Enquirer: 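Mind having a look at this structure? Questions to follow.
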Amino acid sequence: MATRRVGRLPDELTSFVGRRGAITQVKRLLSTSRLVTLTGVAGVGKSRLATRVARDLRRAFPDGVWLVSLAEVPATRDLAQVLVSGLGLRSSPPDSAEDLLAEQLADKRMLIILDGCEHLLEACGPLVGQLLATSPELRVLVTSRAPLAIAGEQVWPVPPLLMPRLDSQDRVVQRAVGHEALELFADRASAVLPDFSIGPDNEAEVVRLCQQLDGLPLAIELAAVWMRSLSVSEILARLSDRYRLLTWGDRSAAPHHQSLRAAIEWSYDLCSPVEQAVWARLSVFADGFELEAAEAVCVGDGVTVEDVFVGVAGLVEKSVLVKEDPPDARTRYRLLRTIQEYGRERLGGGTKELVLRRRHRDHFLLLAERVDAEWLGPDQVEWLARLRLDRANLRSAMEFCCTEPGETDEALRMVAALRFFWLASGALREGISWLGEALQVSPGPSPQRARALLVNALVSGWHGDSDAASDLLAEAQGMAHEVRADAVLRLVPQTAGFIDLLRGHHDSAMARFAEALEEEEVLRHDGLAMVSMSCLAVLQISDGELQRAVDLCERCLEICEEHGEQWARSWCELVLGLARWRQGDLDNAVSHLHECLRIKQLFGDVLGELLAVEIESWVAAAQGRAARSAQLSAAVNRLWQPVGSYLFGLRPYAVWHAETEAKIRNALPTAELRSARKRGAESTLDELIEFALGERHAAPAADAPVRLTPREREVARLVAQGLSNRQIAEQLVISKRTSDSHLEHIMSKLGVTSRAQIAVWVAEQP
């Protein structure tokens, strides 16, 4: 006869999908801690995860696993009495419920799940503390949008479901840790549409849908229900009003689990008035933000700096705000799209929202202008990383400037101030697009327009469109003379020299660069002026003046060293590699090119990386390594196509490339040449850089397992144990910067974005 199970745990009515690593991680926590609280945003799946963990642990608790649902228990109820009833205990007057619990649970080895405690924290915390103190074999698993905040509590934030990302061609990028969100959508969609499956034709759309739904299981399940009457693309198109669409839920569930709106409103109602106000105001951010940005935008109209700080802290505590700690950057916070849209709805639009969006724009305009002013210094990598993190906010601010009447001058200021972002981070197409839009909405003569035209000329030239660049430069110069914008006129020679270089006007380019370098004030204070030195050196190399080119680059390196500058230095290293190749000093050529690559990697300067690898392919051919040369060149040729004009359209580069190609064809049999080029064409950018630097000699298979170094695995295990980067550094006797770097590499290799996801991966390992 079957043994009767002790406890009260509902059966699962739908299959449990994914969360394998999370289940393992929570089990481990329960093995070492008697109180574990699962926190997370509304709809993230805390209850299902807790129930699944408890079901797996039944055998470990002979006195049962008991689920006590508190979601619909009003704050006025006696919580101890609710537990007495939920645990099936019999009470008899005059014993109090607290005494009865202490007496009957004292020797019990059981697991109690308290599900949905967020509205009962003041009563729940002390009661759980008392139970744990009087019942040494008791374990408690809590689900709540905020911790109980009592001694001995182990808090584990439940992350959204893992999902792949899409590359620029809308192809799914394979990730190391699974596609849980897609698995859940496919499972629930097939329940209402039996023939549904995810394949090459709809995979990208399902990924976009899950991304729009923030990977929240509740939102994904509600969206899947619509597959009965809509296609995936039609659901995506209707997500602009997600709260109207995602309303058909499980009628047997608690009211605040039946629709997305109900779940979010439940969280909103649990917030204090200050937290509600800050939530609404934070909704103007397009993505993550720092506390400084939140204060700049949200303070005013009765909300103080202290209110913002308290509000942000409270919203993090209640799982409304996601706290992020990116490597080598300050703490950031983020509202999931679903939470953000609800906050924007509460903001109410009108004048209040307009004021906040203007403050948002002002903050990011000042950030862009500060980066532009301070670019020539030691903080370039950090500045660029900060702009990347705030990319969505910058776009939102520029959109506001371009669409809101009276804000167009600020649009010109902003797009021009971001010149180094467009150039150094490889965002040329985006820069051209925003510069064009800003110039279109602000056609009147002004110094701001002259500067934006000049920046647009430079970015267009960098992208390889020399004709457009030439026209824009002429307009910029005319406008600068008209409005007497002397600061713009001082920057014209360097831009003109670069455009003449692109157009093959050799003598004119030499003259303009020489003129640019006479502007000592510009040379010492503008980050682009030193790039002019590298361009002039390229012209000298093409003339055979190799030593003059080397001397010019070394002078440039001295100025870079004086300022702690890196980006212009990387171009100098590249040109020095080119010069040494032409001199026949091949080992030194490789050294300079590799130094260039290492610096370019810090910036994510794709075009600079590709050009350095292209030149290394010429060096490899000169070394007699024709197969390596062919592989490098083929990779560059494919990867350059989506980002601009091949080799910037520069005539000297085209000649040297053609000479190398001829040398390769003469050196290799056809089959070997074809094989080398195939390997190169199949490489990703990261694989290409690693191969060029000699760190990997063959591209891995697409389905190869993720390989962390022993040190990275050690760091990952410490992350899973809950240690901060500083604590990891102290334990491993390394610097915090090294610890930060290890964490960044781990996240990149695993394809994850949070420490919780690293912990999940660790838990999944044998």
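These figures come from a predicted structure and were not determined experimentally.
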Enquirer: Quick one about Asn725 and Arg755 (side-chain donor to acceptor, distance below 3.5 Å, no hydrogens or angles considered), yes or no?
Expert: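 Yes, because at least one side-chain N or O of Arg755 sits under 3.5 Å from a partner of the opposite role on Asn725.
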Enquirer: Tell me whether His119 contacts the main-chain N or O of Asp269 through its side chain, where contact means a donor paired with an acceptor under 3.5 Å.
Expert: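 No, His119 side chain to Asp269 backbone: no donor-acceptor pair under 3.5 Å.
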Enquirer: So does Gln440 have more than 12 non-hydrogen atoms from other groups sitting under 6.0 Å from CD?
Expert: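 Open.
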Enquirer: Side chains of Trp266 and Glu118 only: does a donor on one sit below 3.5 Å from an acceptor on the other?
Expert: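 The criterion, which ignores hydrogens and geometry beyond distance, is satisfied for Glu118 and Trp266.
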Enquirer: For Ala720, is there any backbone N or O sitting under 3.5 Å from a side-chain donor or acceptor partner on Gln25?
Expert: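 Yes, the answer is positive, given that a donor and an acceptor are paired below the 3.5 Å cut-off.
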Enquirer: Passes ring pair (Phe, Tyr, Trp, His ring centres under 6.0 Å), Phe400 versus His360? Steps please.
Expert: CA-CA 10 Å; Phe400 173 78; His360 175 273; 8.5 Å; no
Enquirer: Side chains of Thr331 and Asp325: donor-acceptor distance under 3.5 Å anywhere?
Expert: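 Their side chains do contain a donor-acceptor pair, which is all the 3.5 Å distance test asks for.
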Enquirer: Say you draw a straight line from OG of Ser144 to CG of Leu114; how long is it, rounded to the nearest 0.5 Å?
Expert: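 One gets 10.0 Å once the value is rounded to the nearest 0.5 Å.
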Enquirer: Going by atom types only, do Ser396 and Asn393 share a side-chain donor-acceptor pair under 3.5 Å?
Expert: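 There is no such pair between these side chains.
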Enquirer: Is the Trp375 ring parallel, tilted or perpendicular to the Phe603 ring (thresholds 30°, 60°)?
Expert: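 Correct class here is tilted.
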Enquirer: Any luck finding a side-chain donor-acceptor pair between Ser267 and Arg145 under 3.5 Å?
Expert: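 Looking only at side-chain atoms, Arg145 and Ser267 do form a donor-acceptor pair, the distance falling under 3.5 Å.
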Enquirer: Test Arg386 against Glu290 for salt bridge (charged side-chain N to carboxylate O under 4.0 Å, His left out), laying out the working first.
Expert: CA-CA 10 Å; Arg386 187 168 175 185; Glu290 297 175 1; 3.5 Å; yes
Enquirer: Could you give the distance from CG (Asp287) to CG (Leu389), rounded to the nearest 0.5 Å?
Expert: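 Interatomic distance, Asp287 CG to Leu389 CG, rounded to 0.5 Å: 9.0 Å.
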Enquirer: Can you confirm whether the side chains of Ser283 and Gln340 place a donor and an acceptor under 3.5 Å from each other?
Expert: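 No, no side-chain donor-acceptor contact under 3.5 Å.
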Enquirer: Do Glu404 and Arg361 sit within salt-bridge range, that is, some charged N less than 4.0 Å from a carboxylate O?
Expert: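 Result for this pair is no, no salt bridge flagged.
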Enquirer: In the structure I gave you, are the side-chain heavy atoms of Val320 and Glu275 within less than 4.5 Å of one another anywhere?
Expert: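 A side-chain contact is absent here, since even the closest heavy-atom pair is not under 4.5 Å.
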Enquirer: Heavy-atom distance under 4.5 Å between the side chains of Asp372 and Phe420, does that happen here?
Expert: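 Counting from C-beta outward, Asp372 and Phe420 do come under 4.5 Å.
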Enquirer: What class does the angle between the rings of Tyr342 and Trp279 fall in, given that below 30° is parallel, 30 to 60° is tilted and above 60° is perpendicular?
Expert: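 It falls in the tilted class, 30° to 60°.
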Enquirer: I'd like to know if the side chain of Glu180 reaches the main chain of Arg19, judged simply by a donor and an acceptor atom lying under 3.5 Å from each other, with no hydrogens or angles considered.
Expert: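 Side chain of Glu180 to backbone of Arg19, a donor-acceptor pair under 3.5 Å: yes, one is there.
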